[in-house]
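All residue numbers refer to positions in the sequence shown, counting from 1. This structure is a prediction, so every number in the text was calculated from the model and none was measured.
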Amino acid sequence: MSFPQNTDAAGQSTDAPVRPDATAGGGLAARVDSALARGVTRVTGSSLGTYQTAVMRIGLSFTWLFFLLREWPNRHELYGPDGPWSWDMARRLTDDNRAFTALMWSDSGVWFEAVYVLAIVSSALLMLGWRTRTMSVLAMIGVLSLQNRSIFVGDGGDNVLHLMALYMVFTRCGRVWSLDARRAARRETGAGAGEGDRDVTGIVLWTLCGLALVVAQTVGDTRLEWTADGPVPGIGWATVLWGLWAAQGLWWFVRRHAPGEPRTVLDAFANLAHNGALLVIMVEVCLIYATAGWYKIQGSRWQDGTALFYPMHIDYFSPWPALSHALASSGTVVLLLSYGTVAVQVAFPFTLLNRRVKNVLLAVMMAEHLGIAVTLGLPFFSLAMIVADAVFLPTSFLRRLAVLAGRARDRLPLAPRVAVPAPRESEEGAAGSRTLVG
């Protein structure tokens with residue numbers, strides 16, 4: 001059996017035979033392949049949610065920095081040698097759970113001060129967006145070192161900071177609203193010509209980090225294993241830290257000596273890691289709210305609508321007793337707040353299917369956390385959750401917010417006129433495209 005073909009004047013075929021399945025199952029397969037190709041191109045060709053990750057970088061760093069500065073007079077009792085959880089007890093606990101903390105490398109008071117100051121400095125520099133790839137790793141080390149030293153002094157906000165510090169290492173969170181973005185913009189416009197090629201500061205910082213890793217593995221018992229006691233099974237912290245260090249060196253080498261296809265390949269891997277980490281962050285936030293909401297449904301106090309009555313009468317959670325007692329005195333208010341909290345937390349993951357509903361509920365949840373900060377005296381927990389919620393803020397809203405902030409800054413006396421760099425269209429995606437984060 002032959003299939004009809006188009007022929008030219010000489011009688012030669014001008015196209016290939018068309019098989020019957022090419023318009024049936026073949027059409028569906030072609031559409032699936034096309035969709036997959038577009039998806040792969042999307043996640044490897046651009047960094048999604050650059051504004052959202054910048055907000056998270058700034059917000060989480062500010063939260064952790066503010067906490068460390070506020071607790072500076074109490075640092076020895078919280079994480080240091082004067083705490084109820086002694087160094088020997090922490091050593092036995094970390095021997096059992098294999099948690100990473102640099103404070104277990106030495107019981108010296110000088111070493112504790114050095115780690116605490118490192119946590120402060122790295123958080124401040126990460127908030128400003130200076131060498132974000134390096135500072136995100138150092139900030140992660142600071143968070144893990146202090147929190148894993150005394151795990152019984154934290155709350156839910158510390159858990160959020162703990163997780164997000166790990167995820168932020170894999171994001172390209174310095175693409176906008178950072179000193180790195182400003183330096184990149186100056187290099188592209190020619191104002192900093194040659195600066196990116198030399199990058200003396202980056203080379204010195206990379207060398208110092210390498211020397212610190214060498215010292216950490218050769219001096220003392222740091223338990224930096226290659227294949228054990230790491231963040232995931234089979235990969236130790238030595239592999240993670242040396243791998244990040246080597247990747248940074250490889251990135252500089254390729255950018256300097258092989259700016260063609262090798263740079264494109266590394267950029268694709270970086271985009272893939274960024275987008276993967278962004279997806280994990282969004283899933284993590286949904287899991288936090290979903291589990292909190294569904295566990296509340298199982299509680300009898302939440303079922304009868306009286307759950308919030310009790311914490312409002314605990315002195316420890318009542319920074320403004322008059323306000324807490326006034327709210328708790330109304331049974332209707334307590335009932336609405338209790339049921340509303342459960343409804344919002346359970347419903348939030350499902351609202352991602354509709355942008356408008358998601359944005360409304362997002363505003364409600366942020367207002368709820370502000371209320372928790374004021375009525376229950378948990379500012380750092382509330383701030384950490386608000387920053388985590390920011391991953392779902394629309395990009396258009398964040399851009400308008402940046403414009404308003406720039407106008408307000410320009411009205412200040414003696415304010416420097418510095419242009420806020422924006423991502424190129426190839427970095428943020430095609431104009432008008434929509435993603436889950438905005």
Side-chain angles (χ1 to χ4, degrees), residues 45-59 61-62 121-139 168-209 244 247-260 262-271 273-274 395 398-431:
S46 61
S47 297
L48 306 177
T50 52
Y51 286 95
Q52 287 80 2
T53 51
V55 170
M56 293 192 65
R57 184 199 81 237
I58 297 170
S61 300
F62 172 79
V121 173
S122 60
S123 297
L125 293 178
L126 181 61
M127 182 178 64
L128 296 175
W130 186 80
R131 307 288 172 174
T132 51
R133 290 191 183 97
T134 302
M135 290 305 131
S136 63
V137 177
L138 295 180
M168 292 300 291
V169 172
F170 300 97
T171 64
R172 310 183 82 172
C173 54
R175 307 307 293 268
V176 296
W177 300 340
S178 67
L179 296 178
D180 287 349
R182 188 176 69 173
R183 186 174 63 252
R186 291 178 64 247
R187 186 169 61 245
E188 290 181 0
T189 57
E195 180 182 345
D197 294 336
R198 295 191 304 269
D199 195 15
V200 177
T201 303
I203 295 174
V204 171
L205 186 61
W206 181 76
T207 304
L208 291 177
C209 290
L244 293 172
Q248 180 67 5
L250 178 63
W251 180 268
W252 176 88
F253 179 84
V254 169
R255 188 181 63 180
R256 176 70 189 276
H257 299 286
R263 169 66 183 271
T264 303
V265 173
L266 288 184
D267 202 48
F269 277 110
N271 289 331
H274 168 93
T395 301
L398 295 177
R399 285 176 172 172
R400 288 194 296 267
L401 191 63
V403 172
L404 294 176
R407 292 175 180 174
R409 180 203 60 205
D410 293 339
R411 293 192 183 97
L412 296 177
L414 303 179
R417 300 300 190 264
V418 180
V420 178
R424 296 184 300 273
E425 183 173 324
S426 60
E427 300 294 347
E428 188 66 15

Q: Look up atom OG1 in T53 and atom CD1 in I58, then write down how far apart they are to the nearest 0.5 Å.
A: 9.5 Å

**Q.** From L138 atom CG to L205 atom CG, the distance as rounded to the nearest 0.5 Å
**A.** 7.0 Å

**Q.** Distance, nearest 0.5 Å, that separates CD of Q248 from OG1 of T134
**A.** 5.0 Å

Q: Please name the pair of heavy atoms, one in N271 and one in S47, separated by the smallest distance, quoted to 0.1 Å.
A: OD1-OG, 2.6 Å

Q. Rounded to the nearest 0.5 Å, what separation is found between the CG atom of L401 and the OG1 atom of T395?
A. 12.5 Å

Q: Applying side-chain contact (heavy atoms from CB on, under 4.5 Å), name anything that partners L128, two or more places apart in sequence or on another chain.
A: L179

(Q) So that I can tick it off, tell me whether R172 and D180 are bridged by a salt bridge, with the cut-off set at under 4.0 angstrom between side-chain N and carboxylate O. (A) no

Q) With a 4.5 Å limit on heavy-atom distance, are the side chains of L126 and R57 in contact? A) yes

Q: Compare all side-chain heavy atoms of T201 with those of W130 and state whether any distance is below 4.5 angstrom.
A: yes

Q: Write down the atom of A139, the atom of S122, and the distance for their closest heavy-atom approach.
A: CA-OG, 3.5 Å

Q) Do the charged groups of R183 and D199 touch, with an N to O distance under 4.0 Å? A) no

Q | Test side-chain contact (heavy atoms from CB on, under 4.5 Å) applied to V55 - qualifying residues, sequence neighbours left out | A | W177, A390, L398

Q | Separation between CE of M168 and OG of S61, rounded to the nearest 0.5 Å | A | 7.0 Å

Q.
Looking at every non-hydrogen atom in both residues, tell me the closest pair between R133 and S136 and how far apart they are.
A. O-OG, 2.9 Å

Q.
When you compare the side chain of V176 with that of R399, does any pair of heavy atoms fall below 4.5 Å?
A. no

